[in-house]
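Written out below as structure tokens is the structure these notes cover.
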Amino acid sequence: LCVPQVVERCVAAAGYSVGEFAALVFAGALSFAEALYAVKVRAEAMQKASEAVPSGMLSVVGRREANYKFACLEARKHCESLGIENPVCTVSNYLFPDSRVIAGHLQALEFLQENARKYSFKRAKMLPVSGAFHTRLMEPAVEPLAEVLKSIEIQKPLLCVYSNVDGKKYMHSKHIQKLLVKQVVSPVLWEQTMHSVYERKQGTEFPYTYEVGPGNQLGAILKQCNLKAWKQYKHVDALEDEEEAEI
């Protein structure tokens, strides 16, 4: 950012999925080079895991009465009727109220799309990804990431960084190492994380929020989670020159 005091006064950071590594680098917990290497290992291992089973992710916007767990249960039963053993179909991303990403076997996701009305889904759209990320189908990626994180020096963050796994602050380096591995097979609790980040006493002023990087999807999600926080949100494109960045 081209306004140094913004960085100096920052009190918290969070990153969505792989963006959690960027948040930890910003907070001084990981070096940029080592984080980049860990991300490379993570991506290659997750890609290999995704190639083992036809799977994917389904973006869902539901009505208030939508029951995602029940829908996933019925989709798994459908897969079992097709002869698929131990099928996967579960919520993998909690985005904002009434918006989820469901991931698992391709046949389960196709079933949910075909029966969207039955489950009170207003929209059910396949995402352009090759695997069921943040589900147990990513278990083959756990060990390679765990090994590389053991070889990396992880410091205690200089500011609060919130984990995707439980929406709470990282406590120490071992905690970071453990949860970064767990994140690969656990749902991203982004909606819950937003509640944790902005939890404060009534009447307390909301901080400024900056989304750094390409796109402003997290800002759009924030608007749905916390309108007060969104009113003090700004997007900074990391690819822009400093003098062009809107701060």
task: Before accepting this row, confirm whether a basic side-chain N of the pair E80/K77 lies closer than 4.0 Å to the acidic partner's carboxylate O.
output: no
statement: Looking only at heavy atoms, the pair that brings L106 and G56 closest together is CD1-N, 4.2 Å
message: Taking E44 first and then K40, would you say they form a salt bridge - that is, a charged N and a carboxylate O separated by under 4.0 Å?
response: yes
- prompt: Rounded to the nearest 0.5 Å, what separation is found between the OG1 atom of T193 and the NZ atom of K168?
  reply: 11.0 Å
- line: To the nearest 0.5 Å, atom NZ of K231 lies from atom OH of Y208 at 13.5 Å
statement: Heavy-atom closest pair (E211 atom, H235 atom, distance to 0.1 Å) is O-CD2, 3.3 Å
- request: Count the heavy atoms belonging to other residues, nucleotides or ligands that lie under 6.0 Å from CD of E65, then report whether that count exceeds 12.
  value: yes
query: How long is the span from the CG atom in N226 to the OG1 atom in T209, to the nearest 0.5 Å?
result: 8.5 Å
Rounded distance [0.5 Å steps], CZ in R64 versus OG in S120: 13.0 Å
message: I'd like to know if R63 and D98 make a salt bridge, using a cut-off of under 4.0 Å between side-chain N and carboxylate O.
response: no
field: Point-to-point distance, once rounded to the nearest 0.5 Å, from OG of S59 to CE of M126
entry: 10.5 Å
query: Any salt bridge (charged side-chain N to carboxylate O under 4.0 Å, His left out) pairs touching residues 172-188, not counting sequence neighbours?
result: none
- request: Please step through salt bridge (Lys or Arg N to Asp or Glu O under 4.0 Å) for the pair K150 and E147, ending with a clear verdict.
  value: CA-CA 5 Å; K150 283 177 190 172; E147 285 302 310; 3.4 Å; yes
- prompt: Do you know which two heavy atoms are closest between L179 and V165, and how far apart they sit?
  reply: O-CG2, 3.5 Å
field: Ring geometry between F206 and Y198 (parallel below 30°, tilted from 30 to 60°, perpendicular above 60°)
entry: tilted
message: Just so I know, are the side chains of K169 and H175 near enough to count as touching, which here means a heavy-atom distance under 4.5 Å?
response: no
statement: For C89 and L112, the nearest pair of non-hydrogen atoms, with its separation, is SG-CD1, 3.8 Å
field: Exercise: identify the closest heavy-atom pair between A71 and F121
entry: CB-CZ, 3.8 Å
N/O donor-acceptor pairs under 3.5 Å from side chains in residues 130-141, not counting sequence neighbours:
residue: S130; atom: OG; partner: Q47; partner atom: OE1; Å: 3.2
residue: H134; atom: ND1; partner: Q183; partner atom: O; Å: 2.7
residue: H134; atom: ND1; partner: S186; partner atom: O; Å: 3.3
residue: H134; atom: NE2; partner: S17; partner atom: OG; Å: 2.8
residue: T135; atom: OG1; partner: A132; partner atom: O; Å: 2.8
residue: T135; atom: OG1; partner: L137; partner atom: N; Å: 3.2
residue: R136; atom: NH2; partner: N86; partner atom: O; Å: 3.1
residue: R136; atom: NH2; partner: N86; partner atom: OD1; Å: 3.0
residue: R136; atom: NH2; partner: P87; partner atom: O; Å: 3.3

query: Taking C-beta and beyond as the side chain, do C72 and I102 meet within less than 4.5 Å on heavy atoms?
result: yes
field: Which atom of L58 lies closest to which atom of Q113, heavy atoms considered
entry: CD1-CG, 3.5 Å
query: S92 versus M57: any side-chain heavy-atom pair under 4.5 Å?
result: yes
message: Would you say that more than 12 heavy atoms from the other residues, nucleotides or ligands in this model lie under 6.0 Å from the CZ of R200, or not?
response: yes
- prompt: With a 4.5 Å heavy-atom cut-off, do L24 and Y170 have their side chains touching?
  reply: yes
query: In terms of the angle between their ring planes, are W190 and Y16 parallel, tilted or perpendicular, with boundaries placed at 30° and 60°?
result: perpendicular
- prompt: Any side-chain heavy-atom pair from P157 and I176 closer than 4.5 angstrom?
  reply: yes
query: Taking atom CG of L36 and atom CZ of F21, what is their separation to the nearest 0.5 Å?
result: 10.5 Å
